[in-house]
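Here is the structure we will look at, set down as structure tokens.
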Amino acid sequence: MAATMAAFRSLRNLLIRRVMAPTPQGLSLSLRPMSSIAQDEASTAAPREAPDHKYESLQVTVAQKHILHVQLNRPEKRNAMNRAFWREMVECFNKIAQDPDCRAVVISGAGKLFTAGIDLMDMASEILQPQGDDVARISWYLRSLVSRYQETFNVIEKCPKPVIAAVHGACVGAGVDLITACDIRYCAQDAFFQVKEVDIGLAADVGTLQRLPKVIGNQSLVNELAFTSRRMMADEALSSGLVSRVFPDKVGMLDAAFTLAAEISTKSPVAVQGTKINLVYSRNHSVADGLNYTATWNMSMLQTQDIVKSVQAAMEKQELKNVTFSKL
């Protein structure tokens with residue numbers, strides 16, 4: 001075992017020295033464009049239902065190798081979020097977090113729009129008729145209820161797999177809570193975003209007020225959206241940083257989202273998932289704390305064989321999609 005580890009370290013050191021050496025003129029270590037990789041991935045089998053993912057409000061399919069597609073699947077109800085949804089999202093993403101085959105996730109909405117937000121008709125009894133026979137007990141119940149709803153979107157952020165939100169049509173109320181917990185956001189030209197809660201007499205309480213300011217970095221704009229519940233259209237969402245790309249229609253947007261997911265899935269899962277975990281941690285901590293956390297993280301993760309494989313592929317001008325990384 002000691003001899004094996006010594007040989008591994010020697011190979012790793014050799015590869016690092018070689019890849020860090022000046023690149024000879026005319027030699028490029030860059031990989032193929034994303035779109036080319038995606039075209040190869042698109043040639044795989046058609047989407048199929050993901051095993052162990054059977055839900056009332058969601059449909060989960062294996063879109064491509066290593067990529068899961070989670071659809072809000074109540075199109076007849078405009079993908080409104082009923083009690084089943086709040087429970088099933090937690091179950092779904094806890095499973096995805098532990099799925100060694102999954103390396104990226106795309107979330108979209110079935111039908112004509114992404115989501116109309118909370119299903120008030122289904123949720124009214126829980127919210128408007130809380131359990132308890134005095135103020136303390138009613139308050140205790142409501143706090144537990146809100147905390148449970150918050151976990152529905154916290155699990156997206158906690159999931160180490162990158163999650164791409166693909167939004168078309170309306171993204172209202174709790175839909176904004178959902179997408180701000182995702183890592184990357186694309187939208188179609190017909191998309192609009194609306195922090196709707198003030199119009200129904202409450203302050204948004206499951207993530208928008210906490211995450212949206214950090215997503216777009218403009219407190220004045222966040223305040224305007226939250227106080228007025230006005231619609232933010234696709235072009236403004238792009239210019240403000242809420243989404244990173246806008247596409248003419250849903251088909252083009254989903255194609256681009258799966259292309260991006262395919263690109264991500266070719267990378268080392270140790271590197272990608274470690275990057276997400278460190279990005280989320282650093283967003284909520286000081287630079288010094290973030291650097292200390294990363295140093296602690298990488299004191300073990302730098303020992304992965306994925307580094308040797310990735311560096312060797314770059315030296316040999318080999319595409320990462322042809323490199324086999326172990327499951328994680």
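Keep in mind that the numbers below use all heavy atoms, side chains included, and drop hydrogens, waters and symmetry copies.
Atom NZ of Lys112 has 12 or fewer heavy atoms from other residues, nucleotides or ligands within 6.0 Å. For Arg211, the CZ atom sits in a packed shell: over 12 heavy atoms of surrounding residues, nucleotides or ligands are nearer than 6.0 Å. In the displayed structure, Lys77 atom NZ is contacted under 6.0 Å by at most 12 heavy atoms of other residues, nucleotides or ligands.
Taking 4.5 Å as the limit, every side-chain heavy atom of Val90 sits out of range of all side-chain heavy atoms of Asn154. You'll find the side chain of Val172 stays beyond 4.5 Å of the side chain of Thr115, heavy atoms only. The shortest side-chain heavy-atom distance between Arg87 and Glu151 does not fall under the 4.5 Å cut-off. Counting heavy atoms from C-beta on, the side chains of Ser144 and Arg148 come closer than 4.5 Å. Within the 4.5 Å cutoff, the side chain of Arg74 has heavy atoms near those of the Asn79 side chain. Counting only heavy atoms from C-beta outward, the side chains of Thr275 and Val272 never approach each other to under 4.5 Å. When side chains are defined from C-beta on, Trp297 does not count as touching Asn292, because their heavy atoms never get closer than 4.5 Å. A 4.5 Å side-chain heavy-atom check between Asn82 and Glu56 finds at least one atom pair inside the cut-off.
Taking all atoms of both residues into account, the shortest heavy-atom contact from Ala63 to Phe258 is CB-CE2, 3.5 Å. A pairwise comparison of heavy atoms in Val106 and Ala261 identifies CG2-CB, 4.1 Å as the closest pair. Val246 and Ala234 make their closest contact through CG2-O, 3.8 Å (heavy atoms, listed as atom of the first residue, atom of the second, distance). Nearest heavy-atom pair across Leu242 and Met232 is CD2-SD, 3.9 Å. Looking at every heavy atom in both residues, Val198 comes nearest to Phe227 through CG2-O, 3.8 Å. Residues Asp199 and Ser229 come closest through the heavy atom pair OD2-OG, 2.6 Å.
With sequence neighbours left out, the salt bridge (Lys or Arg N to Asp or Glu O under 4.0 Å) criterion links Asp235 to no other residue. Applying the side chain to side chain contact (heavy atoms under 4.5 Å, CB included) test to Ile184 and every residue at least two apart in sequence or in another chain returns Ile164, Tyr186, Ser244, Leu260, Ile264. By the ring-ring contact (aromatic ring centres under 6.0 Å, His included) test, Phe325 pairs with no residue at all, sequence neighbours left out. Taking Tyr141 as the reference, nothing meets the ring-ring contact (aromatic ring centres under 6.0 Å, His included) condition, with sequence neighbours excluded. In this structure, Ser310 has no side chain to side chain donor-acceptor pair (under 3.5 Å) partners at least two apart in sequence or on a different chain. Phe192 is linked by a ring-ring contact (aromatic ring centres under 6.0 Å, His included) to nothing, counting only residues two or more places apart in sequence or in another chain.
Using a 4.0 Å cut-off between charged nitrogen and carboxylate oxygen, Lys327 and Asp101 count as a salt-bridge pair. Ion pairing between Arg283 and Glu157 holds under the 4.0 Å rule for side-chain N and carboxylate O. Salt-bridge formation is not detected for the pair Lys267/Asp306: no Lys NZ or Arg NE/NH1/NH2 atom is positioned less than 4.0 Å from an Asp or Glu carboxylate oxygen. By the 4.0 Å N-to-carboxylate-O rule, Glu91 lies close enough to Lys95 to be salt-bridged with it. Note on Lys54 versus Glu88: no salt bridge recorded, every NZ/NE/NH1/NH2 to OD/OE distance being 4.0 Å or above.
Taking OG1 of Thr152 as the reference point, atom OH of Tyr149 lies at 8.5 Å (rounded to 0.5 Å). Distance check, rounded to the nearest 0.5 Å: CD of Gln189 to CZ of Phe247 gives 11.5 Å. Taking OG of Ser282 as the start and CG of Leu291 as the end, the distance is 7.0 Å to the nearest 0.5 Å. Note that NE2 of His53 is 5.0 Å distant from CD1 of Ile96, once rounded to the nearest 0.5 Å. In this structure, the separation between CG on Asn94 and SG on Cys159 is 8.5 Å, given to the nearest 0.5 Å. The distance from atom CG of Leu178 to atom CZ of Phe153, rounded to the nearest 0.5 Å, is 4.5 Å.
Both Met123 and Met81 sit in one connected hydrophobic cluster of ILVMFWY residues. Membership requires side-chain heavy atoms under 4.5 Å apart, directly or through other members. Each of Leu302 and Tyr281 belongs to its own hydrophobic cluster when Ile, Leu, Val, Met, Phe, Trp and Tyr are linked at side-chain heavy-atom distances under 4.5 angstrom. Under the 4.5 Å side-chain heavy-atom criterion for ILVMFWY residues, no single connected hydrophobic cluster contains both Val163 and Leu328. Residues Leu113 and Leu120 fall into different hydrophobic clusters, defined by Ile, Leu, Val, Met, Phe, Trp and Tyr side chains chained together at heavy-atom separations under 4.5 Å. Hydrophobic clustering (side-chain heavy atoms under 4.5 Å, transitive across Ile, Leu, Val, Met, Phe, Trp, Tyr) keeps Trp140 apart from Leu145.
One side chain, Ser108 or His69, offers a donor N or O that lies under 3.5 Å from an acceptor on the other.
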Could you go through the side chain to side chain contact (heavy atoms under 4.5 Å, CB included) check for Cys102 and Ile67 one step at a time?
CA-CA 6 Å; Cys102 178; Ile67 301 169; over 6 Å; no
Dump the intermediate steps for side chain to side chain contact (heavy atoms under 4.5 Å, CB included) on Leu320 and Lys309, then the final yes or no.
CA-CA 9 Å; Leu320 282 181; Lys309 293 178 180 179; over 6 Å; no
Take Glu236 and Arg230 through the test salt bridge (Lys or Arg N to Asp or Glu O under 4.0 Å) and record every step on the way to the result.
CA-CA 12 Å; Glu236 185 181 6; Arg230 75 165 177 84; 2.7 Å; yes
For Cys92 and Val70: C-alpha separation, side-chain torsions, deciding distance, then whether side chain to side chain contact (heavy atoms under 4.5 Å, CB included) applies.
CA-CA 9 Å; Cys92 176; Val70 178; 4.1 Å; yes
Begin from the C-alpha positions of Ile179 and Cys171 and carry the test side chain to side chain contact (heavy atoms under 4.5 Å, CB included) through to its verdict.
CA-CA 9 Å; Ile179 66 166; Cys171 179; 4.0 Å; yes
Take Lys161 and Asp99 through the test salt bridge (Lys or Arg N to Asp or Glu O under 4.0 Å) and record every step on the way to the result.
CA-CA 9 Å; Lys161 321 300 171 71; Asp99 183 354; 5.7 Å; no
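A distance-only check finds no donor-acceptor pair linking the side chain of Arg78 to the backbone of Pro75 [under 3.5 Å]. In this structure, the side chain of Arg83 engages the main chain of Asp122 through a donor-acceptor pair within 3.5 Å. Thr266 places no side-chain N or O within 3.5 Å of a backbone atom of Lys321 that could act as its donor or acceptor partner. A distance-only check finds a donor-acceptor pair linking the side chain of His168 to the backbone of Gly111 [under 3.5 Å]. Distance alone, capped at 3.5 Å, places no donor-acceptor pair between the Thr304 side chain and the Met301 backbone.
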